[in-house]
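Note sheet for the following structure.
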Amino acid sequence: MSDGEKRWWRRNQDFSRFWFGETVSLFGTQVTNLALPLTAVIILQASPEEIGLLRSLAFLPFLFLALPFGVLADRRAKRPLMIISNLLRAGLVGLVPLLAALDSLTMVGLAVIVAAIGVCTVLFEVCWLSYVPVIVGKDDLIAANGRVSASASAAEFAGPGLGGLLVQVLTAPFALAINAGSYLASVLSLWTIKAREEIRPSGERHLGREIKEGIMFIVGQPYLRILAVAGASFNFCYMFVEALFVVYAVRELQFDPGLIGLVVALSAIGGVLGAAYAARIVGRYHFGKVYATAVVVGYTGPLLIPLATGPTVLAVICVTTGFFLMRAGLALSNVAGTSLRQAVTPPELMGRMTAGMRTLMWGIGTTGAIVGGVVGGQLGLRAGLWIAAIGFLVAALPILLSRIPRLREIPSVDAVRTA
């Protein structure tokens, strides 16, 4: 870490508080990401199609609610909205072990809970991505986004291992109680932030026109347009893989929950490294070339996942390497891409830009989970993973063929307007 980064870190206590709370909740979320599908597979005997549907319900709200939530985030203070979101998520996650204890947990009930958590997640995601520029200056955006991304990757490293252990010791539903507490920790952290937000002045407002304004900004901004297309394509393939991987690991590779957690944890080291060094790499080298390299690494890694075969040790190495490369490239490209989006967007459009990007990248991308479940059920799990791996290569093309690889540095809003 450079002296400049250390000085920035010391003087911005509001970001420190936000980062701490977000880190705690991210760790809890990783436990949930493993425990929920394992609850469905092991306890409810879910099929690949049901796992795909369940996974899609977590992200489907992005398709329908991100845009109006983006308008809300531009109209209202974002911090109270994030606090409400995490309070609700804590209660919803806590319902799963309660229903399990009462022997009342069903696939339908689990699906409803997952969808409700997804609604709260949409609101929180739209708000936090728009909130970081409120408490961090433009010059520190990459460092700030890198820290949050590093926390997410660290959570992916440690969370699944912890989750696998908790599932084996407590059973899958009761491992979810850990995440309820993590959301409450985030609430307490957000409560202590002192930064004031500038709210848009009141006047004539129209939900439809405001949503349209945000969408047209994304469509008309060349960098955002490309990032949206590539991100939606990547997330479609990513959700495709996520829908199949747990079932593939349990039923074809014969991995137990603890080993699945270990594989995910080890592969997440790639994400930790990519995010941790993002600010240093982007600051030292050509921005566009760094971004393009990260895309190539991240989008080719999944080719190794369906190659896994033979003894368990070899299968673990193959799958872990594939996920490692994917997460390393994804972490670096996410930090760079998020910072680019924030830098070229005026403050009054930040919430709607974030919401529009989330709608396209996660709302449309989440259909990959449904398609993955159907393809895996009809053609086989390994065949489905091969289709997804090829899809990742196609998803990289919009970025590689765009103007983004030629950017020497991140442009500002004013530079983009005058270009």
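Every value quoted in this text rests on a predicted model; they were computed, and no experiment measured them.
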Looking at every heavy atom in both [X] and [Y], which two are closest together, and how far apart are they?
X    : Y    : answer
G351 : A73  : CA-CB, 4.4 Å
P61  : A115 : CG-O, 3.8 Å
S186 : S25  : CB-CB, 4.0 Å
L325 : G301 : CB-CA, 3.9 Å
V246 : I260 : O-CD1, 4.4 Å
S333 : Y291 : O-CE1, 3.2 Å

Open item on the list: Assess the residue pair E242 and Y238 against the criterion (side-chain contact (heavy atoms from CB on, under 4.5 Å)); give the C-alpha distance rounded to whole Å, side-chain angles, the decisive distance to 0.1 Å, and a yes or no.
Closed with: CA-CA 6 Å; E242 287 241 318; Y238 183 83; 3.2 Å; yes
Nearest 0.5 Å, what's the [atom1]-[atom2] distance between [X] and [Y]?
X    : Y    : atom1 : atom2 : value
T312 : L259 : OG1   : CG    : 7.5 Å
L307 : R382 : CG    : CZ    : 8.5 Å
L190 : L87  : CG    : CG    : 9.5 Å
I211 : L67  : CD1   : CG    : 5.5 Å
F240 : I387 : CZ    : CD1   : 5.0 Å
E22  : R147 : CD    : CZ    : 14.5 Å

Open item on the list: Over 60° means perpendicular and under 30° means parallel, so tell me whether F392 and Y299 are parallel, tilted or perpendicular.
Closed with: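 Correct class here is perpendicular.
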TODO: Give me the ring orientation class for F18 and F15: parallel if the planes are under 30° apart, tilted from 30 to 60°, perpendicular past 60°.
DONE: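 Taking F15 first and then F18, their aromatic rings sit tilted (interplane angle of 30° to 60°).
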Taking [X] for the side chain and [Y] for the main chain, is one N or O donor matched with an acceptor at less than 3.5 Å?
X    : Y    : answer
T192 : S189 : yes
N235 : M361 : yes
R408 : H286 : no

Are [X] and [Y] packed together at the side-chain level, in the sense that at least one heavy-atom pair is separated by less than 4.5 angstrom?
X    : Y    : result
T309 : L314 : no
F324 : L273 : yes
M107 : L54  : yes
P222 : R403 : yes
F124 : I84  : no
L227 : I404 : yes
R352 : F217 : no
L253 : V316 : no

TODO: Could you tell me if the ring centre of Y248 sits under 6.0 Å from that of F255?
DONE: no
Task: Full working for side-chain contact (heavy atoms from CB on, under 4.5 Å) between Q221 and M353 - done: CA-CA 11 Å; Q221 215 293 323; M353 179 280 293; over 6 Å; no
Open item on the list: What verdict does the side-chain contact (heavy atoms from CB on, under 4.5 Å) test give for N86 and L184, after you've listed the backbone C-alpha separation in whole Å, the side-chain angles of each residue and the deciding distance to 0.1 Å?
Closed with: CA-CA 7 Å; N86 275 353; L184 294 178; over 6 Å; no
TODO: Please step through side-chain contact (heavy atoms from CB on, under 4.5 Å) for the pair L92 and C120, ending with a clear verdict.
DONE: CA-CA 10 Å; L92 289 165; C120 298; 4.1 Å; yes
